[in-house]
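One structure is given here, and the rest of the page talks about it.
Atoms within a ligand are numbered from 1 in the order they appear, just like the ligands themselves. Heavy atoms only: backbone and side chains are in, while hydrogens, waters and symmetry mates are out.
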Amino acid sequence: MRPSVQLWYISTDVFPAVFSTKFIQHEIIGGYSHLFTVQGSDPQLMPYMLLAHMDVVPASQEGWHVPPFSAKELDGFIYGRGTMDNKNSAIGILQALEFLLRRDYRPRRSFYIGIGHDEEVSGHKGAMKIAALLKARGVKLSFLLDEGSVILDGFLEGIKNPVAVIAITEKGSITANFSVEKEQGHSSVPPKETSIGILAAALSRLEQNPMPNLFGHGPEIMILEHLASEFRFPLNLIMTNLWLFSPIVSRILEQKPSTNALVRTTTAITMFSAGIKSNVIPPSAKATVNFRIHPSQKVEEVLEIVQNTIADDRVKIHLQEAFDPLPISPWDNHAFGVQIFRRTLLDVFPDVSSVAPGICIGNTDSRHFTNLTDAIYRFNPLVFKPDDLPRVHGLNEKISVEGYEKQVEFLYQLIQNSDINKLPEPHANSHEL
Ligand SMILES: CC/C=C\C/C=C\C/C=C\C/C=C\C/C=C\C/C=C\CCC(=O)O
Ligand SMILES: N[C@@H](Cc1ccccc1)C(=O)O
Ligand SMILES: [Zn+2]
Ligand SMILES: [Zn+2]
C-alpha cells in the first residue's frame with residue numbers, strides 16, 4: 001500500500017542516483033519507514049546495516065533562536081529539531097551513498113539502510129517490522145551501526161583531545177505508572193492524608209534514594225580503562241589503577257547528571273497529575289516514572305528495589321513498558337565493525353586520539369535487531385561539547401555545516417572501508433586507538 005504522506009527529502013528529486021540505481025531496492029515498511037537494500041557485487045561478503053530515524057520529539061515555539069522546524073542557518077549552524085537526533089544520519093547516509101553512486105562506485109559488500117519513522121515512541125511499527133522482514137529473508141548482518149553515542153570533547157576533566165565513544169550496549173528501561181485512589185469528599189473535612197500527599201511522599205522517597213552506584217559492574221569501566229593514557233598526570237595513574245581507586249572515581253562520576261547516568265539505574269519522575277477542584281478531596285493521583293536500567297541490572301531487580309523504597313501498598317504500580325539492558329557487542333581486534341569504525345575515524349577525524357567502547361544512556365531502534373547480529377554499535381560521527389547534550393530533545397538543537405559535512409564524509413569512507421574482505425592485521429598505530 002502506498003502511504004499518502006511521504007517526506008519530501010527521501011525522494012528521487014533529492015537523491016536521484018539512489019532511486020534510479022538498478023542494484024538498489026527501495027521499500028516502504030509500516031506505512032512510512034524506509035528500507036534500502038544495496039546489492040554488493042560480491043555475494044560472498046556478509047552484509048552490514050546502517051540505521052537512522054526521521055521522526056522527532058516535539059519542540060516548543062519559545063526559546064529557540066530560529067523557528068524549530070525552519071532548518072535556518074545561523075553562524076555556520078543549521079538549527080532545528082532533528083538536526084542531531086536523527087535526521088542528520090537519515091539524510092547523511094543517503095547523501096554519502098548518492099555521492100558514491102555519482103562516482104560510479106559499486107559496493108562489493110551488500111548493505112541495508114533502515115530509516116525508521118517511530119523511534120521516539122519505541123520503533124514498533126518501523127524498525128521492529130524492518131527487523132522482522134530481514135529475519136524472514138534469512139539475513140544475517142556482520143554489524144549494525146545506529147545513533148546513540150558521539151565524539152566527546154571536553155566531557156571528562158583531564159582529557160585534552162576529543163574521544164570517539166562507540167556504545168556497545170544500551171541501558172534497559174522501565175516506564176511505570178503509579179497511582180493512589182482515595183475517597184472523594186469535602187475539603188473542609190480532610191482525611192489525615194490525601195491521594196496527592198501519599199503519592200508525592202512515595203515519589204519523593206524514590207528521588208531521595210537513588211538506585212545503587214554500580215560503577216565497575218558493567219562496561220562503563222571500559223571507557224575509563226581505554227582512555228587511561230589520555231588523562232593528564234596524576235589522573236592517568238588513577239585511571240590505570242581503578243582496582244584501587246574505583247570507589248573515589250565512582251563518587252566523582254555521580255556528581256554530574258551526564259556521568260551519573262553511566263554508573264546507575266536512573267530515576268526520572270516525568271509526569272504527575274491529580275486534583276479536580278480547589279475544595280474537593282482528590283479521588284486519585286497519578287504519576288509516571290521512567291527508569292533507565294544500568295547494564296548490570298535487570299527489570300525484576302529494579303522493580304524489587306522500587307517496591308521496597310515505596311513500601312506503601314496504597315501506591316499501585318502499573319508497568320507501561322519494560323525491557324532489560326541490551327547484550328554487550330564484541331569489542332576486540334577481530335570485531336569487524338570496530339575495525340572499520342577505527343579506520344574510518346582515523347581517515348576523517350585525525351584529531352580524535354582514542355576510540356573507546358561505551359554505553360548508550362538512551363534507547364535506539366537498534367535494539368530490535370538482536371536476532372540479526374550480536375554486533376550492534378551505536379555511534380554518530382558528531383563532535384559533542386558538554387553544552388550540546390541538553391540540545392538533544394531540548395532547545396536549539398543544531399549541527400554545524402562542517403559537522404554535517406564530516407558526518408557525510410565519515411559514511412562515504414565507511415561504505416568504502418567496509419568493502420575490504422579481510423581485516424588488516426592490527427598494527428601498532430591502530431592498536432593505540
Ligand atoms: C566517561 C564518558 C564521560 C562522559 C560522557 C557522559 C555522557 C554523554 C553520553 C552520551 C551522549 C551521547 C549522545 C546523546 C545522548 C543521548 C542519546 C542516546 C540515544 C538517542 C535515542 C533517541 O532519543 O532518539
Ligand atoms: N529513543 C527514545 C525513545 C524511547 C524510549 C524508551 C524506549 C524506546 C524508545 C529515548 O530513549 O528516550
Ligand atoms: Zn530522541
Ligand atoms: Zn534518536
H53 near the Zn ion (ligand 3): N/O/S under 2.8 Å: no

Single hit among N209, L206, V315, T265 for side-chain contact (heavy atoms from CB on, under 4.5 Å) with V306: L206

R378 near ligand 1 by a heavy-atom separation under 4.0 Å: no

Side chain, backbone, both or neither: E119 near ligand 1, heavy atoms under 4.0 Å: side chain

Ring pair (Phe, Tyr, Trp, His ring centres under 6.0 Å) partner of F341, the single match among Y48, F410, Y377, F379: Y377

Over-ring placement of K398 relative to F77, 6.0 Å and 45° cut-offs: yes

Side chain, backbone, both or neither: the part of E170 lying under 4.0 Å from ligand 1 by heavy atom: neither

Metal check, the Zn ion (ligand 3) vs E120 N/O/S, cut-off below 2.8 Å: yes

Ligand 1 versus L389: contacting region, heavy-atom distance under 4.0 Å: side chain

E147 contact mode with ligand 1 (heavy-atom cut-off under 4.0 Å): side chain

Nearest-neighbour protein heavy atom for atom 1 (C) of ligand 1, which is reported as residue plus atom name and distance: L156 CD1, 3.5 Å

Per-atom contacts of ligand 1 with V150, taking only distances under 4.0 Å to non-hydrogen atoms: 12 (C)

Nearest heavy-atom neighbours spanning T169 and P295: CG2-CG, 4.2 Å

Output field: ring centroids H368/H124 closer than 6.0 Å: yes

Heavy atom of N86, distance to ligand 1 below 4.0 Å: no

Residue part near ligand 1, for A261, under 4.0 Å between non-hydrogen atoms: neither

Under 3.5 Å: N/O of N363 near N/O of ligand 1: no

Side-chain donor-acceptor pair present, Q320, T288, cut-off under 3.5 Å: no

Contact with ligand 1 for H53, non-hydrogen, under 4.0 angstrom: yes

Atom-level proximity to ligand 2, residues with heavy atom under 4.0 Å: E119, E120, S122, R292, E321, F323, G362, N363, R367

Greater than 12 external heavy atoms within 6.0 Å of K256's NZ: yes

Close N or O approach (D85, ligand 1; < 3.5 Å): yes

Minimum-distance protein heavy atom relative to atom 9 (C) of ligand 1: I361 CD1, 4.2 Å

Donor-acceptor side-chain pairing of E321 and S173 below 3.5 angstrom: no

H34-E27 side chain donor-acceptor pair, cut-off 3.5 Å: no

Between D332 and H334: side-chain donor-acceptor atoms closer than 3.5 Å: no

Close N or O approach (E120, ligand 1; < 3.5 Å): yes

Which segment of L227 sits under 4.0 Å of ligand 1 when only heavy atoms are counted: neither

Residue from I399, V408, I93 passing side-chain contact (heavy atoms from CB on, under 4.5 Å) with N88: I399

